[in-house]
Amino acid sequence: MNRPPISRRDLLKIMAALGVASQAPILFANPPKKRIGVALVGLGSYSRGQLAPALQLTEHCYLAGIVTGSPEKIPQWQERYQIPDGNVYNYDNMHEMANNPAIDVVYIVLPTGLHAQYSIIGANAGKHVWCEKPMAMNVAECEAIISACKKNKVQLTIGYRMQHEPNTRRLIAMATEKPYGKIQTITAQAGYRFGGNDHGWRSNAKLGGGAMYDMGVYPLNAARYTAGEEPLALTARTESTRALYKDVDETTIFSLEFPSGAIAECETSYARSSNLLRAQCERGWYELSPFQSYNGVRGQTSDGILLNQPIDNQQARQMDNDALAILNNSPILVPGEEGMRDIRIVEAIFKSAKEGKRITL
Ligand code: NAD
């Protein structure tokens, strides 16, 4: 298991125990390699179930801190991940991270309606920002995050884990290679059947609930990376059949028109399960199914080539790539602008559904 490099404070404690004078210069035979300290902001199911465990597998970053509004969660998190008291924050004092060099990155894992507010607080504290998908509620919020990160000279990356996944990267390359000729139709569907009667913030419009924001950005982002171009126009409709989703879309169906003539037929839903990405081309087809699960993304082509390169942990791969971009000051795979491109289209999807007409982008 990867551990953070020993801290200066811990080292001083050990030296004191050994009777070594604390004024003595600290000499490392092999200076520890710098690893990026990540603070998870929001300790809900994705942080608890995926990101914190993945941060135990990463090579270039580690779980350094937490930000939570639920004090009862703190002891367990501190104990499980050896998080020192000084690296524990709440939403009101999170800006004080500005004085904490152990934290390099804030990873915003809150309901979507809160992404902009806390991304901006993190950026203003001088921390790099990793923001979960979908980036924010609207383009204005996305622009505010991007400008806060630029002003503070920190990196901004959006948690689109699929773009780091090897089979997905193969499919993205096919948009340029065109092994089966021109792409004619893309099918992209991501949904699950929610059977309970409390869907938390996911049924709350102000917090960014609804299938389109939550799951719909998977087929939307996938349609764009599969086509390798940006849509020119779209048509969309939404459906809500259950009272739980009276304020948000339970299902959204949308169709994107690309400059090459390719059409993407997309769907997202809390009413039915789906997990398919398929490109139908002039001389064949290829698909990933599932295309957005945490594990086992795989697929095939019309001439029987399997797309099934394994990966240990998607989130660890994503965070290591993003940590390396910080360490090397190198280009980011999924920058804020990419998250904003989707949100611009999401806004048009809702407009088309509301007005019942085709929208030109
Ligand atoms: P969750 O409901 O399990 O957790 C949300 C957390 O936010 C909770 O700890 C909650 O206490 C906290 N919170 C703070 N203020 C809140 C408020 N006003 N209302 C509600 N909760 C509040 O949600 P989650 O599934 O962990 O999702 C969090 C984010 O992660 C979302 O943006 C979601 O889209 C994203 N996500 C991404 C993936 C992925 O695969 N990339 C998967 C799941 C979730």
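Note that ligands are numbered from 1 as they come in the structure, with each ligand's atoms numbered from 1 the same way. Positions are given from 1 along the sequence.
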Practice task
Report yes or no: does Y213 have a heavy atom closer than 4.0 Å to ligand 1?
Solution key: no
Completion exercise
Looking only at non-hydrogen atoms, the one of G159, P134, P111, G42 nearest atom 7 (O) of ligand 1 is P111
Fill in the blank from the handout: of all protein heavy atoms, closest to atom 29 (C) of ligand 1 is L110 O, 3.3 Å
Handout entry: Distance from atom 28 (C) of ligand 1 to nearest protein heavy atom, with residue and atom
Key = V109 O, 3.3 Å
Practice task
Determine whether N221 and R224 make a side-chain contact, defined as any pair of heavy atoms from C-beta on separated by less than 4.5 Å.
Solution key: yes
Problem - Beyond-backbone contact of M340 with I145, side-chain heavy atoms, under 4.5 angstrom - result: no
Practice task
Say whether, by atom type as modelled, one donor and one acceptor occur between the side chain of N93 and the main chain of Y89 under 3.5 angstrom.
Solution key: no
Exercise for the section: Could you tell me how the ring of Y180 sits relative to the ring of Y286: parallel (under 30°), tilted (30 to 60°) or perpendicular (over 60°)? Expected result: tilted
Practice task
Kindly confirm or rule out an N or O of K133 lying under 3.5 angstrom from an N or O of ligand 1.
Solution key: yes
Handout entry: atom 26 (O) of ligand 1 [closest protein heavy-atom partner, distance rounded to 0.1 Å]
Key = Y46 N, 3.0 Å
Handout entry: Y118, Y91, W201: member with heavy atom nearest to atom 1 (P) of ligand 1
Key = W201
Practice task
Assess H115 for proximity to ligand 1: is some non-hydrogen atom of it under 4.0 Å away?
Solution key: yes
Handout entry: Sub-4.0 Å heavy-atom approach of Q292 to ligand 1
Key = no
Exercise for the section: Name the option, out of C131, G44, S47, that contains the heavy atom nearest to atom 4 (O) of ligand 1. Expected result: G44
Practice task
State yes or no: are the ring centers of F350 and Y213 separated by less than 6.0 Å?
Solution key: yes
Completion exercise
Distance col, row F194:CZ vs R242:CZ, nearest 0.5 angstrom, shows 8.0 Å
Problem - Protein heavy-atom partner closest to atom 17 (C) of ligand 1 - residue, atom, separation in Å - result: L114 CD1, 3.9 Å
Handout entry: Q50 near ligand 1 by a heavy-atom separation under 4.0 Å
Key = no
Practice task
Could you tell me whether atom 37 (C) of ligand 1 has a protein heavy atom closer than 4.0 Å?
Solution key: yes
